[in-house]
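These notes are about the structure you will find just below.
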Amino acid sequence: MRWWLPDAGSTFAGPIDTLFLAILIITGITFVIVEVGLITFVIRYRGRPGRKAFYTHGSTRAEVIWTAIPAVTMVALGLISNHYWVLIKNKKSIPPNAYHLGVHAKQFEWQVTYPGKDEKLGTDDDFTVRNQLHVIVNQPTAVELTSEDVIHSFFVPEWRLKQDAVPGMHIMAWFQPTKTGEYEIGCAELCGMGHYKMRARVFVHTPDEYKAWVAQQAAGGSE
Amino acid sequence: MTTPQPTTHVRPNYLLIWLYLFVMTIAEVLLAFELPVTQNLKLILLLILAVWKAMLVALFFMHLKFERWRLRLIFIVPLPLAAILVTTVIMEKVF
Amino acid sequence: MSFWRKYIFSTDHKIIGIQFLFVSLFFLLVGGLLAMQIRWQLGFPGKPMPGGGILPESMVSGGVILPEYYIQLVTMHGTFMVFFAIMPLLVGVYANFLIPLKVGAHDMAFPRINMWSFWLALLAGLIMLAGFFVPDGAPRAGWTMYAPLSARPDLSGATISQKLWSISIVVLGLSSVMGSVNYITTIINHRAPGMYWFRMPLSVWALFITAILAVLALPVLQGAAIMLLFDQSIGTHFFDPVAGGQALLWQHLFWFFGHPEVYILILPAMGMVSDIIANGSRKPIFGYHSMVFAIIGIAFLGWLVWGHHMFMSGMNPTLGSTFMVSTLLIAVPSAVKVFNWMGTMWRGNLRFHVPMLNAIGFVSMFTIGGLSGIFMAATPVDIPLHDTQFIVAHIHYVLFGGSLFALFAAITYWYPKMFGRMMNEGIGKAHFFLTFIFYNMTFFPMHIIGMGGQMRRIYDPTIYDFLKPQQPLNVFISYSAFALFAVQILFAFNFLWSLKFGKKAPQNPWDDNGMEWSLPNPAPHGNWDRTPNVYRGPYEFSAPEAGDKDYLPQYVKLPTDRDPVPAPAPAGH
Amino acid sequence: MTHATQTLDQMRPPFPAEVGSGVYSNKLGMWVFLASDVMFFTALIGSYIILRFGMPSAWARPGAVLNVPLTGVNTFLLICSSVAMVKAYAAIADGKKYFLRKVPGKTLQDGGLKFWLLVTIICGAGFVGVQLVEYIKLVGEGFTPAGYREGSLLAEHALADPAKYGAGVAGMYGSTFFTMTGFHGFHVTCGVISMLYLYFTKVLPEKYSAQDYRGIEVIGLYWHFVDLVWIILFTIVYLI
Ligand code: HEA
Ligand code: HEA
Ligand code: CUA
Ligand SMILES: [Cu+2]
């Protein structure tokens, strides 16, 4: 039973989780203020015969305070968030040394295209594997998301990575795994009756493991 | 129940406006085909003419010229919203 | 007047409101029943559903819900709850019933159009319901109907019902535009003498702003639905990239409508809660003017944030940043509202009648829902949360914890005005506390499984290794959900039973200030026989002039009061 | 001209205003409805603009597929009906309920409400008729909401000269054209029907007077709005 975000598996997890925690604290404080306030008022000011309510139409000072504080916090939060947002989603932030893969979504499977030995996409030693994403640990990787039919969404919880694959669009998403191991891709956008089982495995290898796998694929000559 | 004084105004010459609209329509068609001007200039001129005609209809035929701001506002409010929607989505295309 | 003219084809705003009430409560029940099946599947995937046998083979085989049926459940649950339960309950029922009563008008500006707006809404609901009974079942693309899935029957697997969805939405849009034109005109032109803009109760203000939102937002959805219908039926390609269409266009249009829509679903609730909290605290509302401006602010910002539903959609990230900021800013006017409600209770003399309890429930639960919105509004944090159960939790905290609690309050509060009888206090209190408990037990854990990564609209979470460990929580949620539903039966019983056996209501059961309480319960056709005068603001509780009573209705003329000049001050007064 | 005199005389609102807006409710309601109709056309026209900006290849050249002269005439018809409507409005404002009446010393007879509203209706109906003819012709040539029909005349032209006929995006062209003009046509039809209704129930029985002619002003507002929308559509659909 997990009570928090999945364990961190990519470089994005750090900032995102801290931001999450920060917001949790901000909202947590607000939450406590509101709920505790309500409860105390409910108890303190419960109606009793003979008491009369304090007749007031409000206090501008108080209202200015509780308008200003949220305004400031929200703007600050926005600025901080935007920094990481650009880092994660902006095309320009994709590291130049990124290793490029193609991911083609289709009801209801993920087709991953690998550059093969020459490490370049679009050459004839490329090969495509269904529902298996093999990547290298600590290696910035960029996937070009495309879709055959409807909108799908490429989602790896441990990497804090989610990006829709939209028919008619070529969308780049990048990430840098920090842990070797086996993960899962889920499809996070309703794409038909098979949406729930549109599942693929993710293998994060050490560089030479990966080379070995590529070689073996080439030998196996799958597509 | 007493009511505010009705607003009275001089009646515009409708046939004159009709003439404007007619001429501008012809101008548009000519512009679109005959005149040798660049694509963009043509585009801008056409849009200006269209908006101008629309304004004439709204101001004189629909009497917005003679209404109070309170009423004009009702018709004006949706326009910025429309602009926001269209410009935003177009910007989105221009990656 | 014959029975038909009086109760069926009535043009009396009060009767129309009551018609809306019954119809939309029925659809609320339908939505609830669908939710129960959703919960069964998520809690016990692959186990035969009790009573599932009665459903046709195309939906459940051997009592086990099929994947295609599950999507239909989710789609129709969302659609019914949003478009045919909460929206008509808030706007259809209370805009119709309250506006003329509270501004001191004899009826709506256009009674016949008002009647049509009801019948069209009913028609739309029935068209939508028909989806379940056509071959290959109900729509299957979620209540948001994302194209191209919704536009391509060959991909979604539903041909007829997808079209029915579009048609139904077009009809519904027509109905609600008709209604809203009515509300706006009535509020602007038919206020009683002395009912100045800033003497209107916040409920009327909220309904006024809501009507403006509806008038401007629904036509956009209609247009989109029409394009979708054409894509589905006559082979156009608006949302089909293959022929140059744009898949994201649908999302832009839908959410440009959609976010104002969610404020349509909360603003009237906020308004009515304001009235009830002031009444329950026996105190004037705290900062009336800023409450009004907060409503306007929320409504205005609501037009600038639709992109926050599309952060992950492949939309230009730079736009994402701007949408994030505008979205976060909505916290500010919302803050004003929440804290002003608390300010109203502060040093009050609280009466915990059922409406007040539900109103307090509203404030505390809406706050949770709003705060969870902040997580999703912060774009980086939305990456792991988007389209997970965390969103589902947010939805239900704002829509159930928000709108529905407000509705439980409103229904109980104006029940005497509608039917001349009181709902049972004891059952009402029991219903509130039990609902409050089971509701939190149902929806709070959804935040956690959402953080865990459980996607929305998935038929069986257990096939994912990373979701298996949290399945027990899903089971827990399901049990709580069943309990939650069971508790609603209390409400249904209370509602129906009191129609006949509830105790007769006094003229002003809640010691309230509203104009409506100057009338007998239920109010006669045409309301007042001569237009009433309004002497003061709506929240003069515990005012010194009130003497020994702790309230001072708007319609009471004190010796010190002068009669208002007949024509109320114009807008912006 | 008959209105040299009219331009001078004063114009009263058609009905004592009601409280609040200073405008009587029917008119206020109509304006609010028009505001919402603006948003409806925003959805359709906006999508057209957006799609056309984001289109993969060139759009069909103006006049290549659509018959602009014919539509130009149609536009003229609609403008005429609009001015006729406003003349009807002016006529009843002066209490002229009659059809035509001789004016001493003038060759032109002076038209009253019955005359001008009839002209409006005829022009409006004419517009719808012409549009139907246009649709039939277009579909005959192979222009459909789905694009150029296989093996049709236009399909062949498109093959011969893809740039001119925007072969690449014919589908979008058809979708947007028929949806936008179709729903405008629908608005016009509704207008004509409701005007016919008014004509027989209110105008012929002479129910309107210089004191109360709300129906005329309200339907007029709707009618001019439909005209306004067409002015925009004609430019951006046919000429650009
Ligand atoms: C009644 C309906 C309602 C309401 C009122 C709201 C209110 C808000 N919503 Fe919500 N939303 C929905 C209904 C609603 N929403 C629905 C149905 C969806 C899902 C659609 C779908 O199916 O995909 C959704 C989805 C949704 C998303 C998309 C998530 C995703 O798909 O990835 C986002 C993202 O920003 C969001 C944000 C917000 C915010 C910021 C508010 C704000 O208005 C909240 C403001 C309120 C507060 C903040 C709390 C009170 C304030 C204070 C106590 C002051 C102090 C606060 C601070 C200092 C933070 N909502
Ligand atoms: C106001 C809106 C509303 C309400 C009240 C509810 C109520 C409930 N919802 Fe729903 N829900 C949505 C709006 C709502 N929901 C939306 C918009 C979605 C997204 C859909 C999508 O993804 O497309 C959603 C999705 C959704 C999901 C996610 C499905 C998925 O993504 O896989 C789940 C799962 O648990 C769920 C469960 C429930 C439950 C258990 C209730 C329970 O609270 C139900 C309890 C029962 C009732 C409230 C009815 C009681 C009946 C009465 C009181 C009537 C009385 C009758 C008379 C007096 C005659 N809902
Ligand atoms: Cu693919 Cu969901
Ligand atoms: Cu939103």
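In what follows, chains carry the letters A, B, and so on, assigned in the order in which the sequence lines appear, proteins first and then strands, with residues in each chain numbered from 1. Any value given below was found using the heavy atoms of this structure, including those in side chains, with hydrogens, waters and symmetry copies removed.
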Checking B/Arg68 against D/Val23 for the side-chain contact (heavy atoms from CB on, under 4.5 Å) test, could you report, in this order, the C-alpha distance in whole Å, the side-chain angles of both residues, the deciding distance, and whether it holds? CA-CA 9 Å; B/Arg68 311 193 190 159; D/Val23 178; over 6 Å; no
Take B/Glu67 and D/Lys27 through the side-chain contact (heavy atoms from CB on, under 4.5 Å) test and state the conclusion after the steps. CA-CA 12 Å; B/Glu67 301 288 2; D/Lys27 183 174 169 183; 2.6 Å; yes
The test is side-chain contact (heavy atoms from CB on, under 4.5 Å); show your working for D/Val38 and B/Val77 and say whether it passes. CA-CA 10 Å; D/Val38 170; B/Val77 160; over 6 Å; no
Step by step, work out the side-chain contact (heavy atoms from CB on, under 4.5 Å) result for B/Met62 and D/Trp31. CA-CA 10 Å; B/Met62 300 170 93; D/Trp31 272 110; 3.9 Å; yes
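Pairing each heavy atom of B/Ala54 with each of D/Ile232, the nearest pair is CB-CD1, 4.1 Å. Scanning both residues, D/Thr235 and B/Ala50, for their nearest heavy atoms gives OG1-CB, 3.4 Å. Of all non-hydrogen atoms in D/Leu239 and B/Val29, the two that sit nearest each other are CD1-N, 4.3 Å.
D/Phe234 touches chain B through its side chain: at least one heavy atom from C-beta onward sits under 4.5 Å away, while N, CA, C and O do not. Of the atoms belonging to D/Ile236, it is side-chain heavy atoms, and not backbone ones, that fall under 4.5 Å from chain B. Both the backbone and the side chain of D/Val32 come within less than 4.5 Å of a heavy atom of chain B. Residue B/Leu19: no heavy atom, backbone or side chain, is found under 4.5 Å from chain D.
Of the listed residues (D/Tyr238, D/Phe76, D/Trp230), the one with the most heavy-atom contacts under 4.5 Å to chain B is D/Phe76. Between chain D and the options B/Ile26, B/Leu64, B/Leu56, the largest number of non-hydrogen pairs under 4.5 Å is found for B/Leu64. Chosen from D/Thr75, D/Thr42, D/Ile240, D/Val86, the residue pairing most often with chain B at heavy-atom distances under 4.5 Å is D/Val86.
Atom CZ of B/Phe33 sits in a crowded spot, with more than 12 heavy atoms from other residues, nucleotides or ligands closer than 6.0 Å. Applying the 6.0 Å contact sphere to OH of B/Tyr20 captures no more than 12 heavy atoms from other residues, nucleotides or ligands.
Residues of residues 77-84 of chain D placed with any heavy atom under 4.5 Å of a heavy atom in chain B are listed by number as D/Ile79, D/Cys80, D/Ser82, D/Val83.
Results of the ring pair (Phe, Tyr, Trp, His ring centres under 6.0 Å) test with D/His224 over B/Tyr14, B/Phe75, B/Phe60, B/Phe61 single out B/Phe61 as the only residue that passes. Partner of D/Ile231 under the side chain to side chain contact (heavy atoms under 4.5 Å, CB included) criterion, chosen from B/Lys53, B/Met55, B/Glu28: B/Lys53.
Interatomic distance, CE of D/Met39 versus CG of B/Leu79, reported as 9.0 Å (0.5 Å rounding).
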